[in-house]
A.B. asks: 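First the structure, which I've put down as structure tokens, then a few questions once you've had a look.
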Amino acid sequence: MSILSELVNLKLEDHTDSIIAEYIWVGGSGIDIRSKARTLPGPVKSPQELPKWNYDGSSTGQAPGQDSEVILYPQAIFRDPFRRGNNILVICDCYTPAGVPIPTNKRANAAKIFSHPDVAKEVPWFGIEQEYTLLQKEVKWPLGWPLNGYPGPQGPYYCGTGADKAWGRDIVNAHYKACLYAGIQISGINGEVMPGQWEFQVGPAVGISAGDQLWAARYILERITEIAGVVLSLDPKPIEGDWNGAGCHTNYSTKTMREEGGYEEIKIAIEKLGKRHLEHIAAYGEGNERRLTGKHETASINSFSWGVANRGCSVRVGRDTEADGKGYFEDRRPASNMDPYIVTSMIAETTILMK
Ligand code: ADP
Ligand code: MN
Ligand code: MN
Ligand code: MN
């Protein structure tokens, strides 16, 4: 082991009570993740114990230079798989010094929706399937693809194994374990239809926690790909042509849907989603029109549809849910670059609060 990795792996807890907290927030583009670290006097158990902090919002596209301070409010903590020990990752959201959420803070409104008594009573569960593409750093072309060329057509790659089919597995597996270590409810991983593209799932997680966990999982993936010298892309259609895009299917259920006779409630909820199709599409990620073409296991962006076991629909109900008469459904519309705070809270708002 090099002296550098020995130093990186020094065990702080043998020598000091101090811990390192990595404060993480969503940057000005709404999809970039920023973070910085600070020392705290001792281990913490909940985000309420943590101090607020600030950063220079003029450097992240989130504040003007003459009034640049943005305030970070700690909202959720995870174990830090990189520093380990008592060190933590802190998911924060962003406020002006007067305590108003800044425009890119999508968490504040989501938290409001999830704390509405009618929503809280339904204990909404979310399972989010994050698809992503790994790119070669210098050329921004998918990992494993020949330079200036394409691999063989789609078919052998989905859940595939072998040196000619699966590219980037060490990154995927490192991320999987790091998320479990951190305390994220990561429920699985798989190789995708387009080679170099992978998926992880987070959930079922309750309410606002689904968004906190997905952002933490994205952060950990950015850090691992950074170490590996590979670029993470959340573009919904990274390669034009006969190549699958990347989505963020959002699986959803309420207490009523999970109980006896829940299928009736599922059908009512799906009908409500259909009525607000355009509003949802507008909030489901940038560039999603390049992905939702009606081909490559997607439905057209222009119309709402649903079906049992149908992967060409906007919303899919699983065979098990139909057979059991209760369960959950999958909103297949969200793009890989969606904001989970927006998508989860909007689904809850439409299906529970909208009459
Ligand atoms: P797909 O068959 O579409 O690829 P995945 O297995 O990738 O589905 O993801 C399904 C996700 O749904 C998982 O994260 C799982 O934890 C989640 N899930 C399971 N049951 C429920 C439920 N009742 N409500 C919401 N999400 C659920
Ligand atoms: Mn999946
Ligand atoms: Mn998938
Ligand atoms: Mn899916």
A.B. asks: Mind jotting down which residue pairs meet the salt bridge (charged side-chain N to carboxylate O under 4.0 Å, His left out) criterion with at least one end in residues 345-354? Sequence neighbours excluded, please.
C.D. replies: Arg276-Glu349

A.B. asks: Mind running side-chain contact (heavy atoms from CB on, under 4.5 Å) on Arg218 and Tyr132 for me, showing each step along the way?
C.D. replies: CA-CA 10 Å; Arg218 284 175 173 178; Tyr132 60 94; over 6 Å; no

A.B. asks: Could Lys295 and Asp242 be called an ion pair, given the rule that one side-chain N must be under 4.0 Å from one carboxylate O?
C.D. replies: no

A.B. asks: Can you pull out every salt bridge (charged side-chain N to carboxylate O under 4.0 Å, His left out) where at least one residue sits in residues 332-342? Sequence neighbours excluded, please.
C.D. replies: Glu330-Arg332, Asp331-Arg333

A.B. asks: Pick out which of Thr256, Val206, Thr254 makes a side chain to side chain contact (heavy atoms under 4.5 Å, CB included) with Val123.
C.D. replies: Val206

A.B. asks: The test is side-chain contact (heavy atoms from CB on, under 4.5 Å); show your working for Gln201 and Ile186 and say whether it passes.
C.D. replies: CA-CA 6 Å; Gln201 304 99 29; Ile186 184 167; 5.9 Å; no

A.B. asks: Only one of Trp125, Tyr252, Phe126 passes ring-ring contact (aromatic ring centres under 6.0 Å, His included) with Phe329; say which it is.
C.D. replies: Tyr252

A.B. asks: Say whether, by atom type as modelled, one donor and one acceptor occur between the side chain of Gln213 and the main chain of Gln185 under 3.5 angstrom.
C.D. replies: yes

A.B. asks: Work out which heavy atom in Leu12 is nearest to a heavy atom in Ser18; give both atom names and the distance.
C.D. replies: CD1-O, 4.0 Å

A.B. asks: Out of Val202, Ile33, Ile220, Asp93, which residue meets the side chain to side chain contact (heavy atoms under 4.5 Å, CB included) rule with Trp215?
C.D. replies: Ile33

A.B. asks: For the side chain of Thr298 and the backbone of Gly294, is there at least one donor-acceptor N/O pair under 3.5 Å apart?
C.D. replies: yes

A.B. asks: Taking Trp141 for its side chain and Pro146 for its backbone only, find out whether a donor-acceptor pair lies under 3.5 Å.
C.D. replies: yes

A.B. asks: Validate the cation-pi geometry between Lys267 and Tyr263: distance from NZ or CZ to the six-membered ring centre under 6.0 Å, angle to the ring axis within 45°.
C.D. replies: yes

A.B. asks: Closest heavy-atom contact between Asn244 and Lys237?
C.D. replies: C-NZ, 4.4 Å

A.B. asks: Is the CG atom of Asp118 crowded by more than 12 outside heavy atoms at less than 6.0 Å?
C.D. replies: yes

A.B. asks: So does Glu199 get a backbone contact from the side chain of Glu192, meaning a donor-acceptor N/O pair under 3.5 Å?
C.D. replies: no

A.B. asks: Which heavy atom in Ala63 sits nearest to a heavy atom in Ser68, and how many Å separate them?
C.D. replies: CB-O, 3.7 Å

A.B. asks: Is the count of non-hydrogen atoms from other residues, nucleotides or ligands lying under 6.0 Å from Glu286 atom CD greater than 12?
C.D. replies: no

A.B. asks: Output yes when a side-chain donor or acceptor of Gln136 lies under 3.5 Å from a complementary backbone atom of Pro142, and no otherwise.
C.D. replies: yes

A.B. asks: Could you see if Ile91 belongs to whatever hydrophobic cluster contains Phe82? Use Ile, Leu, Val, Met, Phe, Trp, Tyr and a side-chain cutoff under 4.5 Å.
C.D. replies: yes

A.B. asks: Is the terminal nitrogen or CZ of Lys106 (NZ for Lys, CZ for Arg) located under 6.0 angstrom from the six-membered ring centre of Tyr341 and within 45° of that ring's axis?
C.D. replies: no

A.B. asks: In terms of ring plane angle, is the pair Trp243 and Trp145 parallel, tilted or perpendicular, where the classes change at 30° and 60°?
C.D. replies: tilted

A.B. asks: Between Arg258 (side chain only) and Lys326 (backbone N and O only), is there a donor and an acceptor less than 3.5 Å apart?
C.D. replies: no

A.B. asks: With heavy-atom distances below 4.5 Å as the criterion, would you say the side chains of Leu273 and Thr351 are in contact?
C.D. replies: yes

A.B. asks: Are Lys36 and Trp53 in a cation-pi contact, defined as NZ or CZ under 6.0 Å from the six-membered ring centre and within 45° of the axis?
C.D. replies: yes

A.B. asks: Run the salt bridge (charged side-chain N to carboxylate O under 4.0 Å, His left out) check on Lys45 and Glu49 step by step: do they pass?
C.D. replies: CA-CA 7 Å; Lys45 292 252 171 318; Glu49 297 170 49; over 6 Å; no

A.B. asks: Does a side-chain heavy-atom distance below 4.5 Å link Leu292 with Tyr284?
C.D. replies: no

A.B. asks: Identify, with sequence neighbours excluded, every residue that meets salt bridge (Lys or Arg N to Asp or Glu O under 4.0 Å) alongside Glu13.
C.D. replies: none

A.B. asks: Are Asp56 and Ser59 close enough that a side-chain donor and a side-chain acceptor fall under 3.5 Å?
C.D. replies: yes

A.B. asks: Quick one: closest heavy-atom pair of Pro74 and Leu50, and the distance?
C.D. replies: CG-CB, 3.7 Å

A.B. asks: Can a donor-acceptor pair be found, under 3.5 Å and without considering hydrogens, that links the side chain of Lys165 to the backbone of Thr161?
C.D. replies: yes

A.B. asks: Let me see the working for Ile88 and Phe78 under side-chain contact (heavy atoms from CB on, under 4.5 Å), right down to the final yes or no.
C.D. replies: CA-CA 6 Å; Ile88 53 173; Phe78 298 91; over 6 Å; no

A.B. asks: Check the pair Tyr73 / Tyr95 against ring-ring contact (aromatic ring centres under 6.0 Å, His included), numbers first and verdict last.
C.D. replies: CA-CA 8 Å; Tyr73 289 25; Tyr95 295 79; 3.8 Å; yes

A.B. asks: Taking Ser314 for the side chain and Ser305 for the main chain, is one N or O donor matched with an acceptor at less than 3.5 Å?
C.D. replies: yes

A.B. asks: Just by distance, no angles: are the side chains of Asn9 and Arg84 close enough, under 3.5 Å, to form a donor-acceptor pair?
C.D. replies: yes

A.B. asks: Could you check whether any side-chain N or O of Thr344 sits under 3.5 Å from a backbone N or O of Pro340, counting only pairs where one atom can act as donor and the other as acceptor?
C.D. replies: yes

A.B. asks: Tell me, do Tyr55 and Ile71 make a side-chain contact under 4.5 Å, heavy atoms counted?
C.D. replies: no

A.B. asks: So, for Ser336 and Gln130, which heavy atoms are closest and what is the spacing to 0.1 Å?
C.D. replies: O-NE2, 3.0 Å

A.B. asks: For Asn86, check side-chain hydrogen bond (donor to acceptor under 3.5 Å, both in side chains) against everything at least two apart and list the hits.
C.D. replies: none

A.B. asks: With hydrophobic residues grouped by side-chain heavy-atom distances under 4.5 Å, do Leu278 and Ile270 end up in a single group?
C.D. replies: no

A.B. asks: What residues form a ring-ring contact (aromatic ring centres under 6.0 Å, His included) with His277, not counting sequence neighbours?
C.D. replies: Phe304

A.B. asks: I'd like to know if Arg38 pairs up with Glu22 as an ion pair, taking the criterion as any Lys NZ or Arg NE/NH1/NH2 lying under 4.0 Å from an Asp or Glu carboxylate oxygen.
C.D. replies: no

A.B. asks: With the side chain counted from C-beta on, respond yes when Leu135 and Thr133 share a heavy-atom pair under 4.5 Å apart, and no when they do not.
C.D. replies: yes

A.B. asks: Can you see whether Tyr328 engages Thr321 through a side-chain donor-acceptor pair at a distance of less than 3.5 angstrom?
C.D. replies: no

A.B. asks: Please round to the nearest 0.5 Å and tell me the distance separating atom NE2 of His175 and atom CG of Leu232.
C.D. replies: 9.0 Å

A.B. asks: Would a distance-only check, ignoring hydrogens and angles, find a side-chain to backbone donor-acceptor pair under 3.5 Å from Arg316 to Ala309?
C.D. replies: no

A.B. asks: If every non-hydrogen atom of Ala348 is compared with every non-hydrogen atom of Val119, which pair is closest and at what distance?
C.D. replies: CB-CG1, 4.2 Å

A.B. asks: What do the steps show when you test Thr350 against Lys275 for side-chain contact (heavy atoms from CB on, under 4.5 Å), and what is the final call?
C.D. replies: CA-CA 9 Å; Thr350 300; Lys275 288 197 181 128; over 6 Å; no

A.B. asks: Tell me whether the count of non-hydrogen atoms from other residues, nucleotides or ligands lying under 6.0 Å of CG in Asp14 goes above 12.
C.D. replies: yes

A.B. asks: Side chains of Arg34 and Thr60: do they bring a donor and an acceptor to under 3.5 Å?
C.D. replies: no

A.B. asks: To the nearest 0.5 Å, tell me how far Thr104 OG1 sits from Ile31 CD1.
C.D. replies: 12.5 Å

A.B. asks: Can you pull out every salt bridge (charged side-chain N to carboxylate O under 4.0 Å, His left out) where at least one residue sits in residues 125-148? Sequence neighbours excluded, please.
C.D. replies: none

A.B. asks: Trp167 and Tyr157: side-chain donor and acceptor closer than 3.5 Å?
C.D. replies: no

